[in-house]
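For reference, the structure discussed in these notes is given below.
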Amino acid sequence: MTVGQPVERVDGRAKVTGAARYAADRTLPGMLYCHLVMGTIARGRVTAVDTTAARAVPGVVEVFTHENAPRLTSEQHFMPLQGNQIHYNGQIVAITVATTLEQAQEAAELVRVTYAPETPKAVIADALAEVYLPANQEVIVGDPAAGLAAAEVTVKQNYSSPPHHHNPIEPHATVAQWDGDRLTVHETTQGVVNAQRTFATAFAIPQTNVRVLAPYLGGGFGCKSPVWPHSLLNAAIARQLGRPAKMVLARSQMYSIVSHRAEFWQQLTLGAKRDGTLTALVHVSTQQLSRTSENMYSHSISSRMLYACPNIHTRQQGVRLDVPTSRFMRSPQMASHFGLETALDELSYELGVDPVELRRRNYTDVNPTTGERFSSRFLLECYNLGADAFGWSRRNPKPGSTKDGHEFVGWGMATEAHDHSASPSSAMVRMAADGTVLSQTATQDIGTGTYTVFTQVVAEALGVPLNQVKVELADTNFPAAALSAGSGTIASVTGAVNAAASAVRTAVVQLAVSNPASPLHGLPAEQIITQHGYLFSPDRSRRESYRAVMARHGSPVQNTSTMTNARGYSTGAVFVEVRVDPRYGRVRVTRGVGAYDAGRVMNRKTARSQMIGGFTWGIGNALMEHTVLDRRTARVVNPNLSTYLLAVNADVPDIQAIFVDKPDPVSTALGARGFGETPITGVPAAIGNAIFHATGRRIRDLPFTQDKLLRELLTQ
Amino acid sequence: MTADSEFKRRTVLKAGSTAVTATFVATRTATPAAAAQTESSVDITLRVNGHDHRLAVEPRVTLLDALRERLDLTGTKKGCDRGECGACTVLADGRRIKSCLTLAVMRQNTEITTIEGLARGDRLHPLQEAFIRRDALQCGGCTPGQIMSGVACISEGHTRSADEIREWMSGNLCRCACYPNIVAAIQDAAK
């Protein structure tokens with residue numbers, strides 16, 4: 001058995017030696033460098049672009065503006081440089097092209113743009129009169145008004161969270177090369193198949209004329225899911241100029257053209273009986289939308305799927321602002337989940353019921369919105385495992401009851417939950433005549449461990465050692481497979497990989513038992529055992545290696561399989577300890593424990609790392625991460641990593657990850673469910689709840705920065 | 001001897017052991033940028049991973065861009081190009097520096113060690129091995145910088161406790177957030 005084991009990453013060696021080639025690492029003969037010029041107004045139009053000085057820079061080959069840029073259509077997004085309208089600050093207004101990066105950068109500084117500006121609106125607070133309800137964004141179950149009327153205790157509170165930017169360490173990069181009307185792109189993408197379609201549509205060429213590769217991706221977190229317009233423009237420039245072209249975004253450019261998590265306001269109203277059982281849950285939210293898109297991603301799924309409540313009302317409102325288009329960012333349901341899990345903590349204090357016990361009392365095996373039974377749910381086990389490991393039973397519930405020197409110590413918890421996607425996927429497995437195995441599928445490893453898990457799946461299905469298997473990913477020449485987003489890679493593609501490997505096993509076993517030259521000749525195929533690279537008779541008295549069977553056969557055995565899977569919902573419970581220094585309002589997270597039901601765990605090592613990563617994102621969202629928009633200019637004022645603060649090493653304590661590890665019976669991914677986005681969701685609320693436990697002060701606006709906490713601590 | 005020079009000597013000695021050969025590599029023209037010389041270009045020699053590289057660069061070219069776009073040494077990553085993320089960390093005479101914040105012309109007569117120069121043939125550096133064993137990487141975008149920084153953190157002696165490692169490794173951001181595993185890997189390799 002190798003699936004489930006803590007196998008080391010098979011791509012680890014390439015990544016620790018610098019041998020792994022990412023998109024930006026590609027250089028091609030004759031390649032040109034493209035650099036973007038970003039607009040400086042948020043609303044209005046471009047009246048003139050002076051490129052004279054830019055064109056005079058030695059090495060500059062061309063400067064594109066809306067007047068001479070290639071005409072393109074984007075299937076998903078507003079396409080810049082097709083006209084003079086400006087819809088957000090930091091929109092692409094010109095592109096310089098030069099022989100070296102430095103020349104292109106210098107030229108970009110010299111492009112002079114003149115605007116006819118209009119007054120923009122940047123934040124929800126400035127456009128409350130324009131809040132509206134987009135289509136299909138309201139769900140009502142039961143009779144929420146009656147549920148609230150029947151409540152013995154009610155909690156009604158407002159919560160809010162700021163825009164966030166994904167900030168993968170690898171900036172977006174694209175390298176395009178044409179050969180006639182055939183295009184090859186090295187693209188930082190979470191989905192080569194989607195990317196292939198987007199490029200083909202933009203250039204009106206057959207999809208088969210486009211090859212997209214992304215064997216390594218330096219983090220995505222959602223902002224590399226679509227192909228953004230700059231990549232299409234880069235490819236168009238390569239075609240027009242007849243030379244390969246490379247474009248790598250500057251960090252600051254990633255704050256306006258590759259999406260963000262929307263600013264989010266929400267109001268939670270919980271009605272409950274004295275024993276804690278919920279009678280009504282009303283969740284009204286408002287998220288920031290752009291002028292060019294009304295897609296919403298911060299969904300209130302938790303309010304609709306997590307707790308037993310007969311009367312539920314979720315209403316997801318939007319407001320269109322002069323900002324870039326928002327999109328999903330790791331754990332899009334986190335924003336709404338923060339409100340729900342904080343409101344439950346507030347309810348627990350109203351009732352005098354322990355927060356874990358309150359959640360146990362509202363546990364359900366049934367989806368409260370649809371009435372359908374979950375295929376498997378071990379959330380109660382998560383509460384028990386997490387609470388035991390953390391020592392929750394020793395908690396004195398009284399706020400401010402624990403002090404250590406100057407610092408208050410607080411313990412908080414929250415449920416964690418996120419759904420995962422699943423889309424039909426195909427995979428190929430081929431055993432060569434020398435017995436080595438190759439698997440290819442056009443999904444991606446964005447750092448989550450796909451290469452490693454699929455190596456384990458193939459090795460186990462065939463019964464061969466891990467080092468006999470090579471997995472190749474993220475090339476549109478391979479069988480089409482899922483986008484690596486929505487926690488969907490393992491859930492979507494594992495089944496196809498396993499089916500293809502199993503079919504190859506069956507075929508090779510058949511080759512052995514049907515050939516008189518094999519020691520296994522004449523045995524029933526279904527009784528053959530495969531292990532360690534060998535085929536054994538049922539009593540293990542006879543055996544033959546895969547290598548020997550394949551050498552005799554003399555040619556490869558190959559199968560391509562396709563599989564679908566159901567979407568799923570992975571849950572858990574997270575417990576945190578914080579220390580608050582009341583003199584400075586400073587919060588440190590000093591301990592974290594999470595227990596999860598993610599179905600079957602495919603690799604304990606990579607799954608644990610996913611949990612640590614999620615928990616750390618939760619710390620960042622709770623304590624520091626926020627994009628600041630200037631309300632006057634609608635411009636991001638902190639578009640860099642020294643002012644958009646992420647959690648650093650010193651912010652992260654020891655974290656313990658616990659897995660129930662029971663297969664989901666309906667999952668075709670060998671019982672695994674998607675998991676990557678679950679372990680962030682509850683952390684901001686758990687930290688806020690721990691701060692309340694430590695200090696008796698409740699902050700309802702993320703992040704819990706020192707200024708906010710100090711203000712609370714100094715009043716009263 | 002001042003504390004500073006002592007510190008330098010120790011780091012130089014440790015890093016020096018990774019680069020003792022003195023082979024010479026002819027001017028590279030593997031990349032278009034390397035071929036593109038302008039009037040303001042100057043001829044320089046960079047000593048990287050024990051090899052001398054002659055190249056012509058404009059004075060404004062950073063060490064990072066010289067490594068990546070001219071010498072095709074792309075293991076060193078560009079995350080922010082302004083010294084904030086640490087992905088471009090390399091060793092200069094054994095000390096960790098951010099290669100985006102220094103110019104190539106300023107780094108002649110400097111022994112540069114990049115991630116490509118850490119292993120001895122097929123044998124990985126102990127910290128590279130520890131990174132794999134402890135799963136101290138996910139996407140790999142920050143990993144070369146983390147490892148180079150970690151090698152220096154160890155040679156500086158900033159590994160007396162997990163908290164000390166956390167503090168001295170906080171200049172290298174990891175968005176996948178492998179921090180506890182990075183600390184564990186450095187503890188392993190420091191033994």
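Proteins get letters first, then strands, A, B, ... in listed order; numbering begins at 1 in each. These values consider heavy atoms only, across backbone and side chains, with no hydrogens, waters or symmetry-generated copies. A quick note: this is a predicted structure, and the numbers were derived from the prediction, not measured.
- Of the two parts of A:R21, only the side chain, counted from C-beta on, holds a non-hydrogen atom closer than 4.5 Å to a non-hydrogen atom of chain B.
- Put simply, of B:N172, B:N181, B:V183, the one with the most heavy-atom pairs under 4.5 Å next to chain A is B:N181.
- Within the 4.5 angstrom heavy-atom criterion, no atom of A:F615 approaches chain B.
- Most heavy-atom pairs under 4.5 Å with chain A: of the set B:A136, B:A87, B:G140, this distinction falls to B:G140.
- Neither the backbone nor the side chain of A:A250 comes within less than 4.5 Å of any heavy atom in chain B.
- Contact count versus chain A (heavy atoms, under 4.5 Å) is highest, among B:G83, B:C139, B:P180, B:G141, for B:C139.
- Heavy-atom distances place both the backbone and the side chain of A:I612 under 4.5 Å from chain B.
- Of the possible donor and acceptor atoms, none in the side chain of B:E111 sits under 3.5 Å from a partner among the backbone N and O of B:D93.
- Proximity to chain B is limited to the backbone of A:P653, based on heavy atoms less than 4.5 angstrom apart.
- For the set B:M169, B:K77, B:E167, the count of heavy-atom pairs under 4.5 angstrom toward chain A peaks at B:K77.
- Annotation: cation-pi geometry not satisfied between B:R96 and B:W168 (NZ/CZ under 6.0 angstrom from ring centroid, within 45° of ring axis).
- For the set A:G220, A:P244, A:A24, A:G613, the count of heavy-atom pairs under 4.5 angstrom toward chain B peaks at A:G613.
- Of the residues considered (B:I165, B:D163, B:D122), B:D122 shows the highest number of contacts with chain A, using heavy-atom pairs under 4.5 Å.
- For the options A:I619, A:T616, A:I169, A:V248, heavy-atom pairs under 4.5 Å to chain B are most numerous at A:I169.
- Contacts with chain B were tallied for A:R9, A:R251, A:E8, A:E170; A:R9 has the most, counting heavy-atom pairs under 4.5 Å.
- Each of B:P144, B:C178, B:C176, B:G75 has some count of heavy-atom pairs under 4.5 Å with chain A, and the biggest count is that of B:C176.
- One finds a salt bridge joining B:R68 and A:D25 here, because a Lys/Arg side-chain nitrogen approaches an Asp/Glu carboxylate oxygen to under 4.0 Å.
- Salt bridge status for A:E102 with B:R60: absent, with no side-chain N to carboxylate O gap under 4.0 Å.
- Proximity to chain B (any heavy atom under 4.5 Å) is shown, for A:D651, by neither the backbone nor the side chain.
- Interface remark: B:I147 contributes side-chain atoms only to the contact with chain A (heavy atom separation under 4.5 Å).
- By the 4.0 Å N-to-carboxylate-O rule, A:R608 lies too far from B:D135 to be salt-bridged with it.
- The pair B:D188-B:R133 counts as a salt bridge, with a side-chain nitrogen and a carboxylate oxygen less than 4.0 angstrom apart.
- Salt-bridge formation is detected for the pair B:R47/B:D52: a Lys NZ or Arg NE/NH1/NH2 atom is positioned less than 4.0 Å from an Asp or Glu carboxylate oxygen.
- Of the residues considered (A:N167, A:I446, A:T448), A:N167 shows the highest number of contacts with chain B, using heavy-atom pairs under 4.5 Å.
- Listed options A:R330, A:H166, A:R26 were ranked by heavy-atom pairs under 4.5 angstrom with chain B; first place goes to A:H166.
- By number of non-hydrogen pairs under 4.5 angstrom with chain B, the leading residue of A:G620, A:S609, A:G219 is A:S609.
- For B:L127, no part sits under 4.5 Å from any heavy atom of chain A, backbone or side chain.
- Ring-plane geometry between A:F675 and A:F659 is classed as perpendicular, the angle between the planes exceeding 60 degrees on a 0 to 90 degree scale with a lower cut at 30.
- Taken from OG in A:S484 to CG in A:D445, the straight-line distance is 7.5 Å, to the nearest 0.5 Å.
- Taking the six-membered ring where tryptophan is involved, the planes of A:H165 and A:Y255 are tilted, since the angle between them lies from 30° to 60°.
- Using modelled atom types, one side-chain atom of A:T450 and one backbone atom of A:Q444 make a donor-acceptor pair closer than 3.5 Å.
- Under a 3.5 Å cut-off, the side chain of B:T89 and the backbone N or O of B:S149 do not form any donor-acceptor pair.
- Heavy atoms of A:S252 lying under 4.5 Å from chain B are absent altogether.
- Atom CD of B:E69 is separated from atom OG1 of A:T100 by 9.5 Å, given to the nearest 0.5 angstrom.
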